[in-house]
Amino acid sequence: MSSKPVISAHQLNHYFGKGELRKQALFDINLEIYPGEIVIMTGPSGSGKTTLLSLMGGLRSVQEGSLTILEQEMCGASKRKMIQVRKQIGYIFQAHNLLTFLTAKQNVRMSLELHPDYLEKDMDAIATEMLQAVGLGDRVDYYADSLSGGQKQRVAIARALASRPKIVLADEPTAALDKKSGRDVVEIMQRLAKEQGCTILLVTHDNRILDIADRIIHMEDGRLAAASYS
Ligand code: ADP
Ligand code: MG
């Protein structure tokens, strides 16, 4: 691919703990992810997937090596720079992390309020449109609490994509869902990402959704290996 990567890691290492308890969680990670790519990361529990994803999302400080996100070097980055980078990324976690005392629309709207350029726009209309895109046009004013698991995860997708981020990071987004809802949510993510031209990095244990990926990578004991079945 000719365009510049949106995420680029070189000889990235990461450690938890101090002194004798220090334990290395990531070893010599080298990875480039390009604009518009859908990359799925698989690997056993404890292999370092969440650690790597949180570094790539600017949610954790880089300790060693180089990590560039949207052309910003994250090793040694200030808190301010990390916050700037985070605003350009959408996050979807296993637990949907919706605010249950807000409606679906209010949850999506909140993510827009972080962006100064949305404050003058009709954020309610944008949030409603996004909820329609994930098939929840008839649930806009329902409290998050009253939605099913699959519906909540679709609200989380609408929230992550509403501000049209360049990168979406998803950590086991289908883990709490049945087969059909799991499939539905990743297909919605795939469609919206292709429409918006955004890049997706998705961690999953779910073999049934691997086919939506452009590329599959595999983590094992803190090391990255390209999967052969991609
Ligand atoms: P995965 O997401 O693949 O299950 P993680 O990235 O959560 O793996 O964890 C990788 C390794 O790092 C595991 O050995 C885990 O115990 C350790 N680890 C993760 N987070 C922390 C933390 N906050 N403190 C100490 N060790 C951690
Ligand atoms: Mg994890």
Side-chain angles (χ1 to χ4, degrees), residues 6-33 37-69 74-77 79 82-83 85-86 89-98 149-150 152-153 156-157 159-160 165 167-179 181-183 185-186 189-190 193 199-210 212-213 215-230:
V6 287
I7 298 176
S8 176
H10 289 285
Q11 288 162 17
L12 189 65
N13 293 312
H14 198 82
Y15 307 84
F16 288 111
K18 287 202 165 75
E20 289 190 357
L21 294 176
R22 187 163 114 136
K23 184 173 168 271
Q24 189 163 358
L26 295 179
F27 297 81
D28 195 27
I29 303 291
N30 294 291
L31 178 65
E32 304 206 309
I33 299 178
E37 256 196 309
I38 299 183
V39 177
I40 286 189
M41 179 159 47
T42 62
S45 179
S47 59
K49 304 181 299 297
T50 295
T51 306
L52 182 55
L53 205 72
S54 59
L55 286 167
M56 295 191 153
L59 299 172
R60 198 183 274 293
S61 296
V62 174
Q63 299 169 340
E64 210 174 281
S66 163
L67 175 66
T68 319
I69 307 172
M74 301 310 286
C75 189
K79 285 279 169 246
M82 287 175 78
I83 290 166
V85 166
R86 276 180 217 153
I89 301 177
Y91 305 91
I92 302 167
F93 300 103
Q94 176 178 346
H96 50 78
N97 295 314
L98 299 183
K152 283 183 191 136
Q153 203 54 304
I157 293 171
R159 182 183 55 183
I167 302 173
V168 171
L169 300 177
D171 199 352
E172 307 197 26
T174 65
L177 304 179
D178 62 51
K179 183 179 171 187
S181 329
R183 183 81 212 172
V185 302
V186 294
M189 282 175 68
Q190 180 187 34
T199 304
I200 295 189
L201 177 58
L202 189 156
V203 169
T204 189
H205 283 295
D206 190 347
N207 289 329
R208 294 171 305 220
I209 64 173
L210 297 182
I212 70 146
R215 177 155 61 114
I216 298 169
I217 57 178
H218 191 70
M219 280 290 277
E220 192 106 28
D221 298 332
R223 292 188 164 82
L224 204 54
S228 53
Y229 45 87
S230 137

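For ligands, and for the atoms within them, numbers begin at 1 and follow the listed sequence. Counting from 1, the numbers follow the sequence of the chain as shown.
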Measuring from atom CG of Asp178 to atom CZ of Arg183, what distance do you get when rounded to the nearest 0.5 angstrom?
13.5 Å
Rounded to the nearest 0.5 Å, how far apart are OG1 of Thr50 and CG of Asp171?
3.5 Å
Does atom 21 (C) of ligand 1 have any protein heavy atom closer than 4.0 Å?
yes
Under 4.0 Å from atom 16 (O) of ligand 1, is there at least one protein heavy atom?
no
Does any non-hydrogen side-chain atom of His205 lie less than 4.5 Å from one of Lys49?
yes
Taking the side chain as every heavy atom from C-beta outward, state whether His10 and Glu32 have any atom pair closer than 4.5 Å.
yes
Identify, for [atom], the protein heavy atom at the shortest distance, and state residue, atom and that distance.
atom	answer
atom 14 (O) of ligand 1	Lys23 NZ, 2.8 Å
atom 3 (O) of ligand 1	Lys49 NZ, 2.8 Å
atom 8 (O) of ligand 1	Gly48 N, 3.2 Å
atom 27 (C) of ligand 1	Phe16 CD1, 3.3 Å
atom 6 (O) of ligand 1	Thr51 OG1, 2.5 Å
atom 7 (O) of ligand 1	Thr50 CB, 3.8 Å

Is a donor on one side and an acceptor on the other found under 3.5 Å between the side chain of Gln24 and the backbone of Asn13?
no
Name of the residue among Lys23, Glu64, Gln63 meeting side chain to side chain donor-acceptor pair (under 3.5 Å) with Tyr15:
Glu64
Kindly confirm whether the Mg ion (ligand 2) is within less than 2.8 Å of some N/O/S atom in Thr51?
no
Kindly assign one of parallel, tilted or perpendicular to the pair His14 and Phe16, based on the angle between their ring planes and the thresholds 30° and 60°.
perpendicular
Given Gly222, Gly17, Gly46, which has its nearest heavy atom closest to atom 1 (P) of ligand 1?
Gly46
Does ligand 1 have an atom that lies less than 4.0 angstrom from a heavy atom of Ser47?
yes
Under 4.0 Å from one or more heavy atoms of Pro44, ligand 1 contributes atoms 3 (O)
If we number the atoms of ligand 1 from 1 as shown, the ones under 4.0 Å from a heavy atom of Ala25 are 12 (O)
Run through Leu224, Leu52, Asn30 and flag the one making a side chain to side chain contact (heavy atoms under 4.5 Å, CB included) with Leu12.
Leu52
Neighbour count >12 (heavy atoms, 6.0 Å) for atom CG, Asp221
no
